[in-house]
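As the structure is a prediction and not an experimental result, all values here were calculated from the model. What you see below is based on every heavy atom in this structure, not just the backbone, and it leaves out hydrogens, waters and symmetry mates.
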Amino acid sequence: ASGSRLAFDLGKSDFKIVAVQDGEVVYSKETEWDIWQQDPSYHFNLLKTALKEAAAVLPKVDSIGGSTAGVPINNDCVWSDCFPNIPENLYKKQIVPIFKNLAKEFDDPPLMVVNDGEVTALAGMQMLGKPAVFGISMGSNEGAGYVDREGRLTGWINELWAAPVDFNPQAAKCPWSGARGVGSMYFGQRAVEKLAPAAGFDFPAGMLPQHKLKEVQKAMEEGDARAVPIYESIGVYLGYATAQYAEAFDFDSFLILGRVTSGKGGDIILNKAREVLQKEFPELARIQFATPSEHMKRVGQCVAAASLPVVRQSILRQTPAMLPPLDQEFKPFILGKRAYLQLVAASGSDAIMTIALRRNDSLIGKMLIPVLPHGHPNYEDSIEYVTKMIKFMLWQKGGFCLYLHGPTIMCNEIKKAYSQEGIQGSRFHFDIGVMEKIYKTPFEVVVCQSVHEVPEMLDAPAKVGGEASGSRLAFDLGKSDFKIVAVQDGEVVYSKETEWDIWQQDPSYHFNLLKTALKEAAAVLPKVDSIGGSTAGVPINNDCVWSDCFPNIPENLYKKQIVPIFKNLAKEFDDPPLMVVNDGEVTALAGMQMLGKPAVFGISMGSNEGAGYVDLEKLAPAAGFDFPAGMLPQHKLKEVQNAMAEDDSRAVPIYESIGVYLGYATAEYAEFFDFDHFLILGRVTSGKGGNIIINKAKEVLLKEFPELSHIQYVVPDERMKRVGQCVAAASLPQASK
């Protein structure tokens, strides 16, 4: 069930909805409904609203799968007892196409709806990992299904709720069909309703069957002996029906789902059924009864239904030759990019999307992207690739105005993805919002009628960072702590790291903490000739236009006190020359100073960048680390580093995984930056783990990208790993003479 999938399971008491992302259930909900409503719009709107709620947790909707009590054919609801009261003329017009009409609400993704019993059997095959599975769901009714020995759904209707299981002429009568002795009265909540009075339960008049079931389940959980014979009776029914079904279906495993099997009662049902087989049908004792977890008993059909539609296989999802030990689903961007470009070249398409981004001082970033024509099976890959390349360029160069030229349909789709309209529903609302904060202007998308209307690329590289002569202060702001150094004629004479609470809403907290730390450092210098700085975020002309070091500052206070915070700090030292840049830029500058040569790319694995705390928090639990609730990311890192220092084998795959990420990211970055050396800084690389990261990254390059094996990874000493950015920042300003 790869991709982003919705699914529903319609029963006569309630319906279930799930959202599944790459095989993981990320949303599930059960909703009671009134199937007796005569207005089709009641049913359609209730289902649409529920599916929309589920879709809200997904980035997109790749497919919709469904199961329903009744008989769907080619996704038409040709008959279903979930809509028993709809007038025939309205049934044909509005209920028969209801599933297709629901899919239209999500731009018509692949759709597949089958009988609820069939997905019961499918759920069994998925859970057990083998075919020849028969399954029933004991919910509002009996839903039955079968997967044959070839792993195929037969296409039979398998409405066994209406099939006989009892020859007793006085057997209970089914309220839907009027027949006696059929499955609906033996394997669903109607069975509980039928048996409960004989067990001593007395329900109020008019109580619904699903509520009677809840009363019996509650009694079972509380140790009420009256409930036991109800479940034992259903178990006996199941044992004899198993022998009956085995003469019509060839199966080895029998999966039981549905709310009737939830709780302790489910175990009683299965044990009694096994007892019947052993006593009456020993030749069938080989049949294995199986039940999923409690949650899956209730929504298992819905989850299995999510896997039904065939979703287009994206060329962008390439499996690497080297997988991170703790992330087997990793799909490197660089491999998807190369596979996509090969596909476009092989297709013969000559269509080009021209992209440009305008940023401050009329500087322009630009790229040309080959794309597939509308109607190509992988057209959606073109949309995803172009939008992701724009996202990369936004965070590489920045920008507030996006220019597009290319196929009209594609331009309109990309404009919609990056437009202000419905921004909160856009996958890129965060990116757009940050760019608006940085450049203090609304983000704009311009579709150009001619390629000549797209502005040409214009960059303005600045030469900075010479010798650090004189008496200099410098800071490096991260989201977990900040570093301060004092440098005298190129020598570090003072350094300190200070943890801080970036979530504080009062700007004076941040200003005073930084001022005090800088004053302490200045005390060891004869004077302050300059102040250099680096910060997570985007400083422009020494204004802190956006930084995630101050995420909780109200907008009005941010503009007044955080935007000028660096300049105001400099005033505390009589306004010496000041220069503040992005923390990544000083990482590369530190590399150039250390190596004595240019063409250096650098990343700092601290509180941010792709292989920082985010990875550690994702990877550590998979490696067996269990952190207390509320533990800060930097403290989790220290725990892992301590474990690594003590040769705890759990830590090794964490660093190996980060190394694999780094290797593939190196190849990706090499397509955007021309460099020979890759400098790695930051506390994540401290200790033994840093060597593992570098070695694993080298291994990736040798195996997947031998043409890049000339790139040299460079790491400074342990102290410079932590404060190297800060030291490099000290050299940024041209000091006063």
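For Ala54, the side-chain contact (heavy atoms from CB on, under 4.5 Å) partners two or more places apart in sequence, or in a different chain, are Leu6, Ile17, Ala19, Tyr27. Applying the salt bridge (charged side-chain N to carboxylate O under 4.0 Å, His left out) test to Lys366 and every residue at least two apart in sequence or in another chain returns Glu456. With sequence neighbours excluded, the residues forming a side-chain contact (heavy atoms from CB on, under 4.5 Å) with Ala697 are Leu662, Tyr713, listed by chain and number. Asp39 meets the side chain to side chain donor-acceptor pair (under 3.5 Å) test with Ser41; sequence neighbours excluded. Residues meeting the side-chain contact (heavy atoms from CB on, under 4.5 Å) test with Val446, sequence neighbours left out: Cys401, Tyr403, Glu444, Cys448. With sequence neighbours left out, Glu704 forms a side chain to side chain donor-acceptor pair (under 3.5 Å) with Tyr664. Every residue two or more places apart in sequence or in another chain that forms a side-chain contact (heavy atoms from CB on, under 4.5 Å) with Ser450 is listed here: His452, Glu453.
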Please set out all donor-acceptor pairs under 3.5 angstrom arising from side-chain atoms of residues 558-565, sequence neighbours excluded.
residue : atom : partner : partner atom : Å
Tyr558  : OH   : Cys544  : O            : 3.2
Tyr558  : OH   : Ser547  : N            : 3.0

Side-chain donor-acceptor pairs under 3.5 Å in residues 329-341, sequence neighbours left out?
residue : atom : partner : partner atom : Å
Lys337  : NZ   : Glu671  : OE1          : 2.6
Arg338  : NE   : Glu671  : OE2          : 3.2
Arg338  : NH1  : Glu707  : OE2          : 3.4
Arg338  : NH2  : Glu671  : OE2          : 3.2
Tyr340  : OH   : Pro370  : O            : 2.8
Tyr340  : OH   : Ser382  : OG           : 2.7

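Within the structure, ring-ring contact (aromatic ring centres under 6.0 Å, His included) pairs that include any residue of residues 41-62 comprise Trp33-His43, His43-Phe83 (at least two apart or interchain). The list of salt bridge (charged side-chain N to carboxylate O under 4.0 Å, His left out) pairs with a residue in residues 97-110, not counting sequence neighbours, reads Asp76-Lys100. Applying the salt bridge (charged side-chain N to carboxylate O under 4.0 Å, His left out) rule to pairs touching residues 395-408 yields Lys397-Asp459, sequence neighbours excluded.
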